[in-house]
Amino acid sequence: MVNTKLANPAPLGLMGFGMTTILLNLANSGLFQFDTAILAMGIFYGGLAQIFAGLLEFKKGNTFGLTAFTSYGSFWLTLVAILIMPKMGLAEPANAHFLGMYLGLWGVFTLFMFFGTLNGPRMQQFVFLSLTVLFALLAIGHLADNEGIVKIAGYVGLVCGASAIWLAMGEVLNEKFGRTVMPIGEKH
């Protein structure tokens, strides 16, 4: 007999998102200096791994997962491009206010995606709500030239990234043990 059950790709995407978000926001919060580790993580785990997870969600027929993971994977790849293209002599550095608009658009997208989580686990709702707040604060901070707001956003980003990791590991461990090991607020 052939096993037709498909694995859940969401934990891969959530870990790529969560760990990369934490790294970037360690810098946004001022706890660490910006480092090339963020760029590498943004390309390979935040970017490519999330896109792979999104494509696997397609195979499962999950439009929300496809849209979320491929979009946020692409977010990380574009953000890395925004940061490294000027250093490579391929473009001028991004205008801080236009970067604020870029982040604001991602915030609008994320708000709509948050509405899509309202019939899902509570932890998924928290990830998307905290990400909406993160993008809003980053957009405002860049538009207002206010590093203090960006620093506050960094702390929100740490919480957001940690919540994505919790959700990912909850999905993995709860499935592995066949019971709730890490509560994620499942709706029944």
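Model, not experiment: these values are computed from the prediction.
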Can you tell if the side chain of [X] reaches within under 4.5 Å of the side chain of [Y], non-hydrogen atoms only?
{"X": "Leu137", "Y": "Leu103", "answer": "no"}
{"X": "Leu24", "Y": "Phe34", "answer": "yes"}
{"X": "Tyr72", "Y": "Phe109", "answer": "yes"}
{"X": "Phe64", "Y": "Met113", "answer": "yes"}
{"X": "Pro9", "Y": "Phe58", "answer": "no"}
{"X": "Val150", "Y": "Asn146", "answer": "no"}

How long is the straight-line distance from [atom2] of [Y] back to [atom1] of [X], given to the nearest 0.5 Å?
{"X": "Leu143", "Y": "Leu138", "atom1": "CG", "atom2": "CG", "value": "10.5 Å"}
{"X": "Phe128", "Y": "Leu111", "atom1": "CZ", "atom2": "CG", "value": "11.5 Å"}
{"X": "Gln50", "Y": "Leu77", "atom1": "CD", "atom2": "CG", "value": "9.5 Å"}
{"X": "Ile22", "Y": "Leu31", "atom1": "CD1", "atom2": "CG", "value": "12.0 Å"}
{"X": "Leu173", "Y": "Thr180", "atom1": "CG", "atom2": "OG1", "value": "11.0 Å"}
{"X": "Gln124", "Y": "Glu186", "atom1": "CD", "atom2": "CD", "value": "9.0 Å"}

Give the minimum heavy-atom separation between [X] and [Y], together with the two atoms involved.
{"X": "Ile184", "Y": "Pro121", "value": "O-CB, 3.4 Å"}
{"X": "Phe17", "Y": "Ala164", "value": "CD2-CB, 3.6 Å"}
{"X": "Thr70", "Y": "Gly54", "value": "CG2-CA, 3.8 Å"}
{"X": "Tyr45", "Y": "Thr20", "value": "C-OG1, 4.1 Å"}
{"X": "Glu57", "Y": "Phe69", "value": "OE2-CE1, 3.7 Å"}

Using modelled atom types only, decide if a donor and an acceptor are shared between the side chain of Trp106 and the backbone of Met101 within a distance under 3.5 Å.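 No.
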So, does Thr21 use its side chain to make a donor-acceptor pair with the main chain of Gly161 at under 3.5 Å?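 A pair under 3.5 Å: no.
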So with a 6.0 Å cut-off around CZ of Phe52, is the heavy-atom count from everything else above 12?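 No - once you tally the heavy atoms of other residues, nucleotides and ligands closer than 6.0 Å, there are 12 at most.
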Is the number of heavy atoms from other residues, nucleotides or ligands under 6.0 Å of Phe112 CZ greater than 12?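 Not buried by this count: 12 neighbours or fewer within 6.0 Å.
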Could you check whether Asn8 and Glu175, counting side-chain N and O atoms only, form a donor-acceptor pair closer than 3.5 Å?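 There is no such pair between these side chains.
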Is there a side chain to side chain contact (heavy atoms under 4.5 Å, CB included) between Asn174 and Met182 once you walk through the steps? CA-CA 7 Å; Asn174 294 351; Met182 294 178 71; 4.3 Å; yes
Going through the distances and angles, do Leu14 and Glu171 end up as a side chain to side chain contact (heavy atoms under 4.5 Å, CB included)? CA-CA 10 Å; Leu14 287 163; Glu171 289 188 13; 4.3 Å; yes
Kindly list each side-chain donor-acceptor pair under 3.5 angstrom involving residues 79-95, sequence neighbours excluded, with atom names and distances?
from	atom 1	to	atom 2	distance (Å)
Asn95	OD1	His97	N	2.7
Asn95	OD1	Phe98	N	3.0

Could you state whether [X] and [Y] fall into the same hydrophobic cluster, counting links through intermediate Ile, Leu, Val, Met, Phe, Trp or Tyr residues with side-chain heavy atoms under 4.5 angstrom apart?
{"X": "Leu6", "Y": "Leu12", "result": "no"}
{"X": "Tyr102", "Y": "Leu105", "result": "no"}
{"X": "Leu56", "Y": "Leu48", "result": "no"}

Verdict with supporting geometry, Cys160 and Phe126, side chain to side chain contact (heavy atoms under 4.5 Å, CB included): CA-CA 8 Å; Cys160 176; Phe126 185 82; over 6 Å; no
Show the numbers, then the answer: is there a ring pair (Phe, Tyr, Trp, His ring centres under 6.0 Å) between Phe135 and Phe75? CA-CA 12 Å; Phe135 277 128; Phe75 163 79; 5.3 Å; yes
One pair to check against side chain to side chain contact (heavy atoms under 4.5 Å, CB included): Asn25 and Tyr155. What are the steps and the verdict? CA-CA 7 Å; Asn25 285 288; Tyr155 288 102; over 6 Å; no
